[in-house]
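Let me begin by presenting the structure, written as structure tokens, before commenting on it.
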Amino acid sequence: MSSPPATEATAALPFHLSGNFAPVDDEIGVDELEVTGTLPPELSGAYVRNGPNPRRGPTPHWFLGQGMLHAVRLAGGRALGYRNRWVDAPTTANTSIVRHAGRLLALAETTPPIEVDAELRSLGPHTFGGALTQGMTAHPKICPLTGELLFFTYALQAPYLTFYRADAAGVLQQAEPIEVDSPTYMHDFAITERHVLFFDLPVLYRGWRDPEPIRWSESYGARLGVLPRGACGADMRWFEIAPGTIGHTVNAYEDGSTLVLDVVRGERLDAPTRLYRYVLDLERGTVDERPLDGRHVEFPRIDERRTGLRHRHTSVLELCDFANGAPTHTVLRRHDLETGRCTAHDFGPGRMAGEAVFVPAGAGAGEDEGYLLSLVYDRARHGSDLVVLDASNLAAAPVASVRLPRRVPFGIHGQWFADAA
Ligand SMILES: [Fe+2]
């Protein structure tokens, strides 16, 4: 905490080892944190975030650092504690965390899930009884209607793509090979009430140990795959689309005989990514595609009670002022996709937010009644806060800010785990 801002001191290092990307070197647990403002008492649970944090010296790429989990526990209007731990994994379970069927799973697409306990201690790989032998997407979907966990793996050897479905009890019920022409980099996918959507895009995958793990192809083409839930892989229907990359899914839903799919898309590798919408007409076999907004954004999140169902709002992180390959400023934005209205929260000079997670204000709360939680780095202090914003009044001052006992490096995806009712 007392070290100087690392931006200048470590300017010669690659971005992922300098400034607030620089790893922290220990595991700590601290009780009772200082809060500014008023923590809503309905926030009862833990915010947990995963991210690369190299443990054994510098890594050549941000994605290759060992995973570290950071957790902030809130209840009764108090910030009860902070804890961080590395994820012990054969490779790097450093991307996200999900809770399903009572299990907390740290995820990265390069490794089977690593189960962790409530104190973030690694319990070992969770392979669904040995059925899952390769990396699982860091973006599985939990269907709010069935409680199922839907996910996929991609691989260098055929089948290049496999779709999996575990029931609400966490028991694997389906492992469905899907035929595609080549291994491609597939970070995310989408579900609706009756379908699963895959993105077969011209980003060829050569393995993460390859000096050029992913490569843009001018000839591969681009298509969206639509598989009825419960069907076999041969029932996949493909829709040609304009070539591009899809980093993250916002959400997808059914609208009559069409499927609406919102994503963050780039024109090609390393191009700025923007909010984008596909409308697939299942009767006519056509796709309409168009940008929803022009800003360079990432980390889209919705109210996850709407996963696969019609959503109205999404939050995104606008990435600004790039230097040394990374943004030096972010603005949190929330889009009302019905009205086109966009609200924003700028955390101010020298304060940079990460992905924001939506937490509903209560079980019966609407999609816009809740809070956005984000870890914010304060460059002047070289420290971090967990900031709570009112999702329906984003431009307002934070509802509360929790001063964390240590700097939390920029990471990837977080999640809120509400205490059981
Ligand atoms: Fe991701």
Side-chain angles (χ1 to χ4, degrees), residues 15-16 21 49-52 61-64 94-98 107-110 135-141 151-154 161 183-191 196-205 208 212-217 220 222-225 241-252 260-278 289-302 304 307 311 314-320 322 325-327 330-333 335 337 353-357 374 410-415:
F15 83 82
H16 70 280
F21 284 94
R49 211 230 41 217
N50 202 348
H61 192 284
W62 190 40
F63 292 166
L64 298 179
N94 62 12
T95 310
S96 68
I97 184 163
V98 67
L107 303 174
E109 62 207 41
T110 49
M136 166 178 169
T137 176
H139 294 284
K141 310 298 176 204
F151 59 96
F152 67 91
T153 65
Y154 66 90
L161 177 62
T184 62
Y185 171 59
M186 208 176 289
H187 184 67
D188 203 344
F189 75 133
I191 66 166
V196 186
L197 288 88
F198 296 92
F199 317 147
D200 189 28
L201 303 175
V203 184
L204 305 184
Y205 170 61
W208 289 108
E212 191 186 13
I214 57 175
R215 186 170 56 88
W216 179 261
S217 166
Y220 188 76
R223 54 187 193 159
L224 300 176
I241 54 170
T245 67
I246 296 177
H248 288 115
T249 301
V250 176
N251 192 34
V260 178
L261 167 66
D262 289 350
V263 299
V264 168
R265 174 187 180 272
E267 290 288 324
R268 49 189 299 139
L269 274 180
D270 299 324
T273 48
R274 302 185 166 92
L275 272 180
Y276 200 82
R277 173 166 288 184
Y278 300 93
E289 51 180 305
R290 63 187 171 88
L292 290 173
D293 190 68
R295 297 178 184 92
H296 182 184
V297 297
E298 250 300 348
F299 294 115
R301 295 296 291 252
I302 60 162
E304 289 183 3
T307 299
H311 64 282
T314 181
S315 66
V316 291
L317 198 64
E318 183 181 4
L319 309 177
C320 311
F322 275 71
T330 56
V331 177
L332 182 59
R333 293 191 173 274
H335 289 267
L337 298 167
E355 175 193 64
V357 171
S374 179
F410 295 132
I412 311 186
H413 300 293
Q415 193 62 281

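Computation of the quantities below employed the complete heavy-atom set of this structure, encompassing side-chain atoms and omitting hydrogens, waters and symmetry-equivalent molecules.
- Going from atom CD1 of Ile97 over to atom CD1 of Ile412 covers 13.0 Å, rounded to the nearest 0.5 Å.
- Atom SG of residue Cys320 and atom NE2 of residue His296 lie 9.5 Å apart, to the nearest 0.5 angstrom.
- The two residues Asp200 and Met186 have their closest heavy-atom pair at CA-CE, 4.4 Å.
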*Would Glu289 and Arg277 count as a salt bridge (Lys or Arg N to Asp or Glu O under 4.0 Å) if you check the C-alpha gap in whole Å, the side-chain angles of each, and the deciding distance to 0.1 Å?*
CA-CA 6 Å; Glu289 51 180 305; Arg277 173 166 288 184; over 6 Å; no

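- Note: Leu204 CG to Trp216 CH2 = 10.0 Å, rounded to the nearest 0.5 Å.
- To the nearest 0.5 Å, atoms CG (Asn94) and CZ (Phe63) are separated by 8.5 Å.
- Results of the side chain to side chain contact (heavy atoms under 4.5 Å, CB included) test with Ile302 over Asp262, Val250, Thr249 single out Val250 as the only residue that passes.
- Formation of a donor-acceptor pair under 3.5 Å by the Thr330 side chain with backbone atoms of Glu318 is not found in this model.
- Considering every non-hydrogen atom in both Ala108 and Ala138, the closest pair reads CA-CB, 4.4 Å.
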*Take His248 and Asp188 through the test side chain to side chain donor-acceptor pair (under 3.5 Å) and record every step on the way to the result.*
CA-CA 6 Å; His248 288 115; Asp188 203 344; 5.2 Å; no

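- Between Ala190 and Lys141 the shortest heavy-atom distance is CA-CE, 4.3 Å.
- The distance between the ring centers of Phe299 and His413 falls below 6.0 angstrom.
- Residues Val357 and Gly414 share a closest heavy-atom pair of CG2-O, 3.5 Å.
- With rounding to the nearest 0.5 Å, the separation of OG1 in Thr110 from OH in Tyr154 is 8.0 Å.
- To the nearest 0.5 angstrom, Asn251 atom CG is 5.0 Å from His311 atom NE2.
- Here the side chain of Ser374 pairs a donor or acceptor atom with the backbone of Gly354 at under 3.5 angstrom.
- Nearest heavy-atom pair, Leu317 versus Ala353, reported as atom, atom and distance to 0.1 Å: CD2-O, 3.5 Å.
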*Could you walk me through whether Phe189 and Phe199 pass the ring pair (Phe, Tyr, Trp, His ring centres under 6.0 Å) check?*
CA-CA 7 Å; Phe189 75 133; Phe199 317 147; 7.9 Å; no

*Can you check ring pair (Phe, Tyr, Trp, His ring centres under 6.0 Å) on Phe15 and Phe21, steps first, answer last?*
CA-CA 7 Å; Phe15 83 82; Phe21 284 94; 4.9 Å; yes

*CA sep, side-chain torsions, deciding dist, call: His16, His61, side chain to side chain donor-acceptor pair (under 3.5 Å)*: CA-CA 7 Å; His16 70 280; His61 192 284; over 6 Å; no

